[in-house]
Every structure is written in C-alpha cells, then in structure tokens.
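Below: the structure, in structure tokens.
Counting begins at 1 with the first residue of the sequence. Heavy-atom basis, side chains included; hydrogens, waters and symmetry copies ignored.
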Amino acid sequence: MSKTSQQNTTTDASGVSVIHTQAHSSGLQQVPQLVPVSPGGGGKAVPPSKQGKKNSFVDRNSDEYRQRRERNNMAVKKSRLKSKQKAQDTLQRVNQLKEENERLEAKIKLLTKELSVLKDLFLEHAHNFADNVQPVGTETTTTNPENSGP
C-alpha cells in the first residue's frame, strides 16, 4: 500500500507560510511556519504575537498605560530582588562548602597521621614478635641434671 502526498504552500500578508499537505485518504493539514517578512530573506522571522504591536499607538497619559507600567515596574523589582536573593544564597552555600572542605581536609591530615603512627606501632610489634619466635626445626634441647645417668 503506497501513500501519496501532495503539498501546497501559501503565504499570507503577515509573512506566515502555511503548508497544506494532503495524504492518502486524509484531508488537508495546515502547518504554520515563520518566514522572513522581507522578500530578500535576510531579515528575522516575526512571530504572529508580535506583528500587531508595531503599528499600535500608545497614549502615555492613559490610565491603562500607567497601570501596565506600574505592574511592569513591580514585576521588574520582584525579579531583581529574587535574582539578588538567589545570588546571596549561592554565595552563602559556597562559603559553607568551603568551610566544610577545610574541616574535612584537617580531618584527613589527622587521620593520616594516626594511620602512620598505628602502622609504625604494628610494624615494631611484628618485628619484635618475629625476633622472639624461633623457626620450626631449630628447637633447643634442655638437659635435666636429675635424669642424667651414672
């Protein structure tokens, strides 16, 4: 069973290209794609949400504009405070980790010294033990003067 597909591309006035694909026994599908607005293709693609805002006139004295600006200013302040707090938290965490690292390094030095001392004690004890133990087969015989014959 082979599928046949056909594509038709149309571009509307806003620069959005819509590809119509017709597959075997199915209807048309619309797939919007952003394409450059300029015919030379050197410009950036403009998303549909930003296209209508370029030509709209904004009255800077209106109440709506002032409210939007106030909300935006508050959002910016909140964002900057949040960013500053995050930076402070990160710095505090870095300092905590540095202190913990110093403590752990000091503990490593102490434990290394302790290990060295214990190794030396063990080796000294092992050496002394080896000196006191005689190899098998070189046993010394003791004579008992009471058991000696006439």
Counting only heavy atoms not in [X], do more than 12 fall under 6.0 Å of its [atom1]?
| X | atom1 | value |
| --- | --- | --- |
| Gln96 | CD | yes |
| Asp63 | CG | no |
| Gln88 | CD | yes |

Q. After noting the C-alpha distance and the side-chain angles of Leu123 and His127, does the key distance pass the side-chain contact (heavy atoms from CB on, under 4.5 Å) rule?
A. CA-CA 6 Å; Leu123 291 174; His127 182 68; over 6 Å; no
[atom2] on [Y] to [atom1] on [X], rounded to 0.5 Å:
| X | Y | atom1 | atom2 | answer |
| --- | --- | --- | --- | --- |
| Ile108 | Glu105 | CD1 | CD | 6.5 Å |
| Met74 | Lys78 | CE | NZ | 8.5 Å |
| Leu115 | Leu110 | CG | CG | 11.5 Å |
| Leu81 | Lys77 | CG | NZ | 9.0 Å |
| Glu70 | Tyr65 | CD | OH | 11.0 Å |

Q: Apply the side-chain contact (heavy atoms from CB on, under 4.5 Å) test between Arg93 and each candidate in Asn95, Thr90, Leu91, Leu97; give the one that qualifies.
A: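 Among Asn95, Thr90, Leu91, Leu97, the one that satisfies the side-chain contact (heavy atoms from CB on, under 4.5 Å) with Arg93 is Leu97.
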Q: Check whether any side-chain N or O of Ser116 sits under 3.5 Å from a backbone N or O of Thr112 as a donor-acceptor pair, and report yes or no.
A: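 No, Ser116 side chain to Thr112 backbone: no donor-acceptor pair under 3.5 Å.
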Q: Tell me yes or no: between the side chains of Asp89 and Gln85, is some donor less than 3.5 Å from an acceptor?
A: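 Result is yes, a qualifying pair exists.
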Q | Over all atoms of both residues, closest heavy-atom pair of Arg60 and Arg66 | A |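 In terms of heavy atoms, the two residues are closest at O-CD, 4.2 Å.
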**Q.** Cationic N near anionic O, under 4.0 Å, Glu64 to Arg68
**A.**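 Salt bridge between Glu64 and Arg68, a charged N being under 4.0 Å from a carboxylate O: yes.
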